[in-house]
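Read the structure below first, then the notes.
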Amino acid sequence: MTPNLTQRSLNRPNRRFKSKMAGLGNSSTFVGYLFVAPILILMGIWFYYPLVQSFIYSLQDISFLNPDAAQFVGFGNYAEIIKDADFWMAFGHSMTLTVVAVPLQAFIALVIAVNLNKVMHLKGMFRTLYYMPYITSTIAVTTVFMYLFMQHERIATKMLTWFGFPDVSWYANVTYALPFLMILTIWTYVGFYMVVYLGGLQTIPNDIYEAGRVDGANGWQQFWRLTVPMQKPVIMSGIINVMQLFDQPYALARNGSLGSPAGATSTIVTYFYSQAFNFNRSGYGSAAAFIIFAIIIVLSMLQKRFVREEI
């Protein structure tokens, strides 16, 4: 009795494995795996392998110009970054952009979307016009904005002098370069989020607004209490996009030092790029990239928790 029971218990996992394999071959599960396999392979090649390789580089003092001379330094690169004042300046600029630009662009885009949603005719034309800045070349947009904010009575600077601002080239002034970058960023992304909000507004049932009107909610209360909470996932997504801002500061540099003038427009992404490619410190730059990756992961987790709790 005992040997037979032991033999049966040993054979049971074998039979279970065979039955699973048989079920896999005879069901649509196998077909599902076949469809998923190409994207998994591509993700492994283009995402997971570079991710692991970049982490290995971050533990080394390495340059792509001479990779054979790499030296293992452990977490030395990370420790050096934490002590680097330039990194904290770039991090501060990124956080300032996040705190100021994201709420402003979200509010402006949502107001435009709410009003455009009420338009009965030519809605497609207006939507396209608002979306154009997002698909226009970043270099072209930045160049035009630099011309508008140039010293000596250009259109934007002249209007701003009416409110007490000095007649200076904003993009070349240490004090006003970051506000200039904020204005440029908001103008670029407002159209994109407006289109996203407009799509979200069209999915909100009218019954919700009717119930709000029955309860005595006016237009502002409906907007603040009903529309904004339902669009919160899209509003929060702007945080991650701004934290990865690179194109606009790169265009502002005009083939000069990234973050010009005097680091006033540096962000954590331009900091990583400068270290890795301008100074050829590939290991140090990889460590900076992983710190950026960790910051974005933390922000994503906070976003997910905030949205889940509030909606």
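In this text the structure is predicted, and so the values were computed from the model without any measurement. Heavy atoms only: backbone and side chains are in, while hydrogens, waters and symmetry mates are out.
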> So, for S286 and S54, which heavy atoms are closest and what is the spacing to 0.1 Å?
Replying inline: CB-O, 3.4 Å
> S63 side chain to N280 main-chain N or O, any donor-acceptor pair under 3.5 Å?
Replying inline: yes
>> Please enumerate all residues that pass side-chain contact (heavy atoms from CB on, under 4.5 Å) together with L122, with sequence neighbours excluded.
In response: M125, F126
> Would you say the side chains of N117 and Y197 form a donor-acceptor pair under 3.5 Å?
Replying inline: no
> Of all heavy-atom pairs between I45 and P50, which one has the smallest distance, and what is that distance?
Replying inline: O-CD, 3.3 Å
>> Working note: E80 + R281, criterion side-chain contact (heavy atoms from CB on, under 4.5 Å); need CA distance, chi angles, decisive distance, verdict.
In response: CA-CA 12 Å; E80 187 176 348; R281 302 184 66 189; 3.1 Å; yes
> Of the non-hydrogen atoms in Q248 and T138, which two are nearest, and what is the gap between them?
Replying inline: N-CG2, 4.0 Å
> What is the minimum heavy-atom distance between L51 and F290, and which atoms define it?
Replying inline: O-CZ, 3.3 Å
>> Same cluster or not: F180 versus W162, using hydrophobic residues (I, L, V, M, F, W, Y) connected whenever any side-chain heavy atoms lie under 4.5 Å apart?
In response: yes
> Distance-only, no hydrogens or angles: does the S274 side chain make a donor-acceptor pair with backbone N or O of Y271 under 3.5 Å?
Replying inline: no
>> Starting from M182, can I reach F246 by hopping between I/L/V/M/F/W/Y residues whose side chains sit under 4.5 Å apart?
In response: yes
> Have Y250 and T270 got a donor and an acceptor in their side chains that come within less than 3.5 Å?
Replying inline: no
>> Name the residue from Y171, F149, W170 that meets the ring-ring contact (aromatic ring centres under 6.0 Å, His included) definition with Y176.
In response: W170
> Taking the inter-plane angle between the rings of F277 and F272 on a 0 to 90° scale, is it parallel (under 30°), tilted (30 to 60°) or perpendicular (over 60°)?
Replying inline: perpendicular
> Could you give the distance from CG (L178) to CG (L97), rounded to the nearest 0.5 Å?
Replying inline: 5.0 Å
> Hey, is the main chain of L245 close enough, under 3.5 Å, to the side chain of T267 for a donor-acceptor pair?
Replying inline: yes
> If every non-hydrogen atom of S58 is compared with every non-hydrogen atom of N77, which pair is closest and at what distance?
Replying inline: O-ND2, 2.9 Å
Identify all side-chain donor-acceptor contacts of residues 183-190 below 3.5 Å with residues at least two apart in sequence or on another chain.
unit_1, atom_1, unit_2, atom_2, d
T185, OG1, L181, O, 2.7
T188, OG1, L184, O, 2.7

> Where do A251 and T142 come nearest, in terms of heavy atoms and distance?
Replying inline: CB-OG1, 3.6 Å
> Does F72 CZ have over 12 foreign heavy atoms under 6.0 Å away?
Replying inline: yes
> Which of parallel (below 30°), tilted (30 to 60°) and perpendicular (above 60°) describes F64 and Y57?
Replying inline: perpendicular
> Under the side chain to side chain donor-acceptor pair (under 3.5 Å) rule, what pairs show up with a residue in residues 93-104, not counting sequence neighbours?
Replying inline: H93-S266
> Which distance, rounded to the nearest 0.5 Å, do you find between the CG of L40 and the OH of Y33?
Replying inline: 10.0 Å
>> Would you compute the distance between atom CG of L148 and atom CE of M159 and round it to the nearest 0.5 angstrom?
In response: 10.5 Å
> What is the distance from atom OG1 of T265 to atom CG of L252, rounded to the nearest 0.5 Å?
Replying inline: 5.5 Å
